[in-house]
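Following: one structure in structure tokens, then a few remarks.
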Amino acid sequence: MSSYLAAAIQMTSVPDLHKNLAQAEELIDVAVHKGAKLVGLPENFSFMGEEKDKLAQAGVIAKETQVFLKTMAQRYQVNLIGGGFPVPSDENDKVYNTASLIDSNGEELLCYRKIHLFDVNVPDGNTYRESSTVMAGKELPSVYFSKTLGHIGLSVCYDVRFPEVYRHLSKKGADVMFVPAAFTAFTGKDHWQILLQARAIENTCYIIAPAQTGIHYDRRQTHGHAMIIDPWGMILADAGEQPGVAIAEINPARIEQVRRQMPSLQHRVF
Ligand SMILES: O=C(O)CNC(=O)[C@H](CS)NC(=O)CCC(=O)C(=O)O
């Protein structure tokens, strides 16, 4: 593996599948033209709206999103992460919040179903009951060993509050971990960056965190600040608050250097 550029895309997705896919393509285009070889899209990139609307359209959203990811990966000859989109479950009428890694041949390399669901009354007055429409994934994420991109692990949004997910990925060998998110503006301002830096530092790994930003519908507002963090916890790129792209170099020598300087992974007791 040699150094390469990765991109964390930042979007303001709305309750309109085709508008979102058009915005996603524009930003993939920007990222690829800046040289990115691995591009992450945020949670809910293809649809962000009321839970009941998402559920009603889930079949169409899932199908069109999967076709979109494969088409874009092949057209732009890039590795793409779809950071979380609804896929209907076979068991009942709920969906799985699913993240997927697609290579430049359009093949799916990783698929992960969000384990931790956001059932929280946020003190700003918004109530989230993700479990009312989403089934929790039952399997910890696996790691894809890529000769060119490193050892990649996926997670989604609220998972970032559960360090055991990332320790699991780390034990499986991951050194580039994705946290695609739609973090609330209220929690994000105090927790987002700190949680991401903690996950990077404690696992001495790169963290790539695509994000939603701005006002999506009604009172739903997200925090933004898609970012890429290095294994020492340094913020290499931050997309701010407008839709756009955070781009930074993923450098295997930096991972080795930090793991020499701070060998905490070797000192684990549990
Ligand atoms: O807001 C929306 O409409 C869409 N959001 C989402 O789909 C997901 C599940 S509800 N949001 C989060 O997981 C936020 C986590 C978070 O913000 C935290 O952990 O503080």
Side-chain angles (χ1 to χ4, degrees), residues 11-17 20 40-66 81-101 110-142 153-169 177-192 195-196 198-199 209-213 215-223:
M11 295 178 64
T12 304
S13 295
V14 293
D16 182 329
L17 173 66
N20 296 331
L41 291 157
E43 187 186 27
N44 301 323
F45 69 96
S46 60
F47 190 88
M48 183 115 167
E50 298 289 352
E51 294 287 309
K52 62 170 173 22
D53 297 335
K54 182 182 73 183
L55 207 53
Q57 298 173 45
V60 175
I61 296 171
K63 207 164 146 241
E64 291 204 25
T65 302
Q66 282 158 341
I81 276 137
F85 55 94
V87 176
S89 87
D90 296 332
E91 303 107 86
N92 52 36
D93 57 6
K94 294 188 181 183
V95 299
Y96 285 103
N97 188 345
T98 309
S100 173
L101 167 63
L110 281 178
C111 174
Y112 165 68
R113 293 162 158 183
K114 187 182 188 187
I115 293 172
H116 300 98
L117 302 184
F118 192 55
D119 289 350
V120 177
N121 302 324
V122 176
D124 64 358
N126 280 306
T127 297
Y128 297 82
R129 284 287 169 274
E130 191 175 15
S131 67
S132 68
T133 55
V134 177
M135 293 274 285
K138 292 163 209 67
E139 282 170 41
L140 282 161
S142 47
L154 303 183
S155 67
V156 177
C157 197
Y158 189 46
D159 283 330
V160 77
R161 293 182 184 274
F162 302 86
E164 55 273 26
V165 173
Y166 305 87
R167 189 57 108 205
H168 165 82
L169 286 170
M177 301 189 193
F178 276 81
V179 189
F183 237 65
T184 74
F186 188 88
T187 55
K189 68 183 179 352
D190 300 322
H191 297 166
W192 168 246
L195 286 166
L196 293 170
R199 300 296 85 84
Q212 291 283 350
T213 192
I215 297 172
H216 306 272
Y217 61 97
D218 290 347
R219 294 189 304 145
R220 286 287 166 93
Q221 191 176 348
T222 52
H223 174 65

Quiz prompt | Pairwise distance CZ(F47) to CG(D53) - rounded to 0.5 angstrom | solution = 5.5 Å
Quiz item: Got a second to check how far I115's CD1 is from K138's NZ, nearest 0.5 Å?
Solution: 10.5 Å
Practice problem: Have a look at M11 and tell me which of N44, L41, T222 forms a side-chain contact (heavy atoms from CB on, under 4.5 Å) with it. | Solution: L41
Self-check item: Partner of R129 under side-chain contact (heavy atoms from CB on, under 4.5 Å), chosen from V120, N121, V134
Solution: N121
Practice problem: Could you tell me whether E164 and R167 have a side-chain N and a carboxylate O separated by less than 4.0 Å? | Solution: no
So do the side chains of [X] and [Y] get within less than 4.5 Å of each other, counting heavy atoms only?
X: H191; Y: V160; answer: no
X: D124; Y: T187; answer: no
X: N126; Y: Q221; answer: no

Exercise. Would you please test Q212 and S13 for side-chain hydrogen bond (donor to acceptor under 3.5 Å, both in side chains) and show each step?
Key: CA-CA 7 Å; Q212 291 283 350; S13 295; 3.0 Å; yes
Quick one: do the [X] and [Y] side chains pair a donor with an acceptor below 3.5 Å?
X: Y128; Y: E51; answer: no
X: Y112; Y: D159; answer: yes
X: E64; Y: S46; answer: no

Exercise. Could you tell me whether F162 and Y166 have their ring centroids closer than 6.0 angstrom?
Key: no
Which atom names give the shortest non-hydrogen contact between [X] and [Y], and what distance separates them?
X: F183; Y: C157; result: CD1-SG, 3.8 Å
X: T12; Y: I215; result: CG2-O, 3.5 Å
X: S142; Y: L169; result: O-CD2, 4.0 Å
X: G82; Y: F45; result: CA-CE2, 3.6 Å
X: E43; Y: N97; result: OE2-ND2, 2.8 Å
X: W192; Y: P210; result: CH2-O, 4.3 Å

[X] side chain to [Y] backbone, donor-acceptor under 3.5 Å:
X: H168; Y: P141; value: yes
X: N20; Y: P15; value: no
X: S155; Y: F178; value: yes
X: D119; Y: E130; value: yes
X: K94; Y: A136; value: no
X: Y158; Y: H116; value: no

